[in-house]
*Asks:* 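Before I ask anything, here is the structure I am working with.
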2 protein chains.
Amino acid sequence: MTASQAFVQACADLLGATYVLTDAHDTEPYLVDWRRRYRGSACAVLLPADTEQVAAIVRLACTHGVAIVPQGGNTGLAGGATPDSSGAQAVISLKRLNRIRGVDPHNNTITVEAGVVLAEIQARAEKEQRLFPLSLAAEGSCTIGGNLSTNAGGTGVLRYGNTRELCLGLEVVTAQGEIWDGLRGLRKDNTGYDLRDLFIGAEGTLGIITAAVMKLHPAPVARVTALAGLASPHAALDFLSMAQRHAGPLLTGFELMSDFSMRLVGRHFPQLRYPFGEPHAQTVLLELSDSESDAHARALFEWLMEEALEQGIVENAVVAESLAQSQAFWDLREHIPLAQAEEGLNIKHDIAVPISSIGRFIDETDAIIARAAPGARMVTFGHLGDGNLHYNVQAPEGVDAKRFLAEFQMPINTLVYDQVHRHHGSISAEHGLGQLKVDEAMHYKSPVEVRLMQAIKAALDPHNLMNPGKVVRWNAALDKENLA
Amino acid sequence: MTASQAFVQACADLLGATYVLTDAHDTEPYLVDWRRRYRGSACAVLLPADTEQVAAIVRLACTHGVAIVPQGGNTGLAGGATPDSSGAQAVISLKRLNRIRGVDPHNNTITVEAGVVLAEIQARAEKEQRLFPLSLAAEGSCTIGGNLSTNAGGTGVLRYGNTRELCLGLEVVTAQGEIWDGLRGLRKDNTGYDLRDLFIGAEGTLGIITAAVMKLHPAPVARVTALAGLASPHAALDFLSMAQRHAGPLLTGFELMSDFSMRLVGRHFPQLRYPFGEPHAQTVLLELSDSESDAHARALFEWLMEEALEQGIVENAVVAESLAQSQAFWDLREHIPLAQAEEGLNIKHDIAVPISSIGRFIDETDAIIARAAPGARMVTFGHLGDGNLHYNVQAPEGVDAKRFLAEFQMPINTLVYDQVHRHHGSISAEHGLGQLKVDEAMHYKSPVEVRLMQAIKAALDPHNLMNPGKVVRWNAALDKENLA
């Protein structure tokens, strides 16, 4: 019996055979990532029922030397939850840890297990007249454990922060199979190292998040959106400053969409109407969330738009007149990735730069790509208020996308990431590193930073059994036992 | 020549003798903490001019095995910046690293060196029509490096978060004397472990913060305060929920002050007038920060106060009619610690519990203390909106404070911290652990959490030379070399 077989047998004794999947048909959905870029293999897919079972599995993994790949809703975009191809790793799915343990409305917190689906948390918060502001395309199937492990971003970051900023406390199973109960619902706690934020964004490489205390916000009484047409990203930046100055914290959304993004949506989803008669180089979607009234938000927007039109910052503007129209504006934004997929394979970048550099970044990088791959079509859109762009590249009109990618994906990635690096930006703003960008991260980070990461990895997971190969390269020189 | 002597000589060669203080008269101000509870000794006080010199000092410290105690404005309340009494440690003052390296208004960031005084950052932000919201009593002399290292709180946390939430990037000298350049001005960056938040709040035990990129906010156009008199902490909680629901993110302050706190202020600062004709069991100070207008904030406040009066949540309310009156309200709040000092020595606790537990916590703990130390007078005030109380105990009227403390300080600390622990709270909400509360922290934290902290300490500072004895007890069993 191999170590893997002995481990799988011990897990079956622990969980019951029903919750240890080994049949190829059963394991299939857990072994391929959402974008179908990665296909792995596993000795088993494990479905523990609670934190104690997760801890027991990790202790078995230590005993048998089996590596563990934690998985939530399997909607990640960087292959972080897909095992390698060896067949020696085990996937541990957190989806049965799906209880909302409690809501504390006076404390504005909700305590949830890792496997709770994001949309369910949003719904529960709403029932309590609260807002859980994390919102992203996969919210119907992604889980909060995955959101935390990748520090997911989304459309609410401008005002409410990333998943990190929405978390007050964690419960984690360590690489030793112990349970750390850090489920604190405190706004202030300065009693030692920030373990919480170390596990957040670590993609399961330091331990497994099993539950969390998340912040709720008072639910705004009104949400109103508007669209504005502008001449350039530079104008959009001026508009952002202006909107922030006048709307302050009421401004909860500021999304940029390039002309070509809008044309793609128009081509593939003609039922979604672009509200302006003429195209604009850039379109911005703004959202206000107001605690007073719909009328108050609308008046603020109207004043802001008039002022921006008068100053020549925007070329055109429209404020949504109904919830339905607000949704229609968001639909334009949310259909860009879908329109891209309809148009064909493309090269995706999830990058961030300082907000003040976005205009220059786009100008320079567009020009560089135009020289390297003439005719390539830039699908630029994203969370301008966070400095986060989905800076994607579509094959030239009429060119076979597969051939284009085979030739240009690597060199264009390098051009874009070099530019990001030059602008002190991030090559993964909200999707994490997973297995997709580990090498790039190790390349662009300073040796000091890489060594700090490796030292932490070796200290907390000395046998490299927690999602190995993701986020950071293992440094054998640091492979000492730090935690007994 | 001892190791310390050799180290001091090498530092003199590096910095010039002017910047290596060894004379007792020169070193005195660096060896006593602000509250004069701790007096240390040092082989030298070092005053490097820049990050490179800090790094070179740490490399010399490694070579000679000398421990380093970093110090900012020396206003800490937990002895975190005071060396031990051995005379073998060196204090490294960051105060010459006092340049504002740059402001990026479009990115809403300011890049500052560790030794910049907090008030200077506030002033510079204001010049750029921005707000740097960190604000606390010591702001005229504390430095941002110290604020970061202790994750300082203050009066703006309700809306803007702790120092941690205001920081985007750091520059740190590691325990190996290398410089980590993590000075990123990004709202989104998911490329590996969150080193930034690990160094924040670590009180110099993992490395020395030398510079930071801090977030700025648009400056509100109006700030208005109000006072309300209430019957109990429970009523204050209901009022908080109500204010958050209606004012949303405009609510930037919500401070609680007990009747006895107000009486102490009245006794020692009679020129500060309590605005209500009769006393109230609790007084709440509210602040609104508005991006629209003074009139808008005032109207919102007046509506809120009327509503709360009508519902019987508050007994009395007054909205400040001028900036001067706003300041007068804040003066009442800010003079509580001063009035306490005038009244005599007292037992201080900086604690946090979930906001929903504050009423119960106060009721229960007041009763417990009344039994243990009859006549003890409770000075309860603090940042109710953050769940953070300064829950202080003054000797009974007419009892000698020194004798009271000698008898009751230890047992009352234990009673209070046991209660905090029972309510899943924090024994140090915003002041850090320093040397004051290390033992308590090790006692109340779970063994799993202590081991995680010790493993990180051993991994990043394997020779235990960075501010040893602060924050976490060294675990000799984990003393391996993790960073070459």
Side-chain angles (χ1 to χ4, degrees), chain A residues 104 106-107 150-151 153 162 178 180-181 184-195 197-198 201-202 218 220 237 241 244-249 291 352 354-356 386-388 424 426-430 432-433 441 446 448-449 451-453 455-456 458-460 471-472 478 480 482-483, chain B residues 104 106-107 150-151 153 162 178 180-181 184-195 197-198 201-202 218 220 237 241 244-249 291 352 354-356 386-388 424 426-430 432-433 441 446 448-449 451-453 455-456 458-460 471-472 478 480 482-483:
Chain A
D104 182 345
H106 257 116
N107 197 40
T150 57
N151 185 24
N162 298 284
E178 297 188 295
W180 170 51
D181 179 358
R184 297 171 194 132
L186 304 173
R187 261 74 185 174
K188 282 181 170 173
D189 178 24
N190 279 335
T191 58
Y193 302 149
D194 185 8
L195 302 175
D197 286 310
L198 194 54
L237 280 182
S241 277
Q244 286 184 312
R245 194 163 60 246
H246 293 294
S291 304
I355 295 165
S356 48
D386 316 322
N388 176 200
H424 307 287
S426 169
I427 63 166
S428 188
E430 56 174 10
L433 297 175
S446 66
V448 178
E449 184 163 340
R451 272 203 302 282
L452 286 167
M453 285 175 58
I456 289 165
L460 298 192
V471 181
V472 62
L478 297 173
K480 300 260 174 66
N482 293 82
L483 280 171
Chain B
D104 183 343
H106 256 115
N107 196 39
T150 58
N151 185 26
N162 298 285
E178 299 189 293
W180 171 50
D181 179 358
R184 298 171 195 131
L186 305 174
R187 261 75 184 173
K188 281 181 171 173
D189 178 24
N190 280 335
T191 57
Y193 302 149
D194 184 8
L195 301 175
D197 286 310
L198 194 55
L237 280 182
S241 276
Q244 286 185 312
R245 195 164 60 245
H246 292 294
S291 304
I355 295 165
S356 48
D386 315 323
N388 176 198
H424 308 288
S426 170
I427 62 166
S428 189
E430 57 175 8
L433 297 175
S446 66
V448 178
E449 184 162 341
R451 273 203 301 282
L452 286 167
M453 285 175 58
I456 289 165
L460 298 192
V471 180
V472 63
L478 297 173
K480 300 261 173 63
N482 294 83
L483 281 170

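Letters A, B, ... mirror the listed sequences (proteins, then strands); counts begin at 1.
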*Asks:* How about A:Val448 and B:Asp181: do any of their side-chain heavy atoms sit closer than 4.5 Å?
*Replies:*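 Contact flag for A:Val448/B:Asp181 side chains = no.
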
*Asks:* Testing the basics here: between B:Lys188 and A:Ala352, what is the closest heavy-atom pair and its distance to 0.1 Å?
*Replies:*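 Heavy-atom minimum between the residues: O-CB, 3.4 Å.
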
*Asks:* Do you know the tightest heavy-atom contact between A:Pro249 and B:Pro249?
*Replies:*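 So the minimum-distance heavy-atom pair works out to CB-CB, 3.6 Å.
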
*Asks:* Might you point out which heavy atoms bring A:Gly192 and B:Met453 nearest each other, and give the distance in Å?
*Replies:* CA-CE, 3.7 Å

*Asks:* So which residue, B:Ala441, B:Ser241, B:Gly387, B:Gly201, ends up with the most heavy-atom pairs under 4.5 Å with chain A?
*Replies:*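 If we count pairs closer than 4.5 Å to chain A, B:Ser241 comes out on top.
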
*Asks:* When rounded to the nearest 0.5 angstrom, what is the spacing between CG in A:Leu452 and CD in B:Glu178?
*Replies:*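 Interatomic distance, A:Leu452 CG to B:Glu178 CD, rounded to 0.5 Å: 8.0 Å.
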
*Asks:* Determine the minimum heavy-atom distance between A:Ile355 and B:Asn107, stating which atoms define it.
*Replies:* N-OD1, 2.7 Å

*Asks:* Closest approach of A:Ala455 and B:Ala459, non-hydrogen atoms and distance?
*Replies:*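 That would be O-CB, 3.7 Å.
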
*Asks:* Where on B:Asp104 is there a heavy atom nearer than 4.5 Å to chain A: the side chain, the backbone, both, or neither?
*Replies:*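 Only the side chain of B:Asp104 comes within 4.5 Å of chain A.
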
*Asks:* Picking from B:Thr191, B:Asp189, B:Asn190, what satisfies side chain to side chain donor-acceptor pair (under 3.5 Å) with A:Ser426?
*Replies:* B:Asp189

*Asks:* What part of A:Leu237 is in contact with chain B, defined as an atom under 4.5 angstrom from a non-hydrogen atom: side chain, backbone, both or neither?
*Replies:*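 Backbone plus side chain of A:Leu237, per the 4.5 Å heavy-atom cut-off to chain B.
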
*Asks:* Less than 4.5 Å apart, side chain to side chain, heavy atoms only: is that true for B:Leu198 and A:Ile456?
*Replies:*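 In contact.
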
*Asks:* Just how far is it from atom CG of A:Asn388 to atom CZ of B:Arg187, taken to the nearest 0.5 Å?
*Replies:*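 The CG atom of A:Asn388 sits 12.5 Å away from the CZ atom of B:Arg187.
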
*Asks:* Heavy-atom cut-off 4.5 Å, strictly under: side chain, backbone, both or neither for B:Leu195 against chain A?
*Replies:* side chain

*Asks:* Contact part of A:Asn162 toward chain B, heavy-atom cut-off under 4.5 Å: side chain, backbone, both or neither?
*Replies:*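 Side chain only.
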
*Asks:* Using non-hydrogen atoms only, which part of B:Ser428 is less than 4.5 Å away from chain A: side chain, backbone, both, or neither?
*Replies:*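 When you check distances to chain A, atoms from both the backbone and side chain of B:Ser428 fall under 4.5 Å.
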
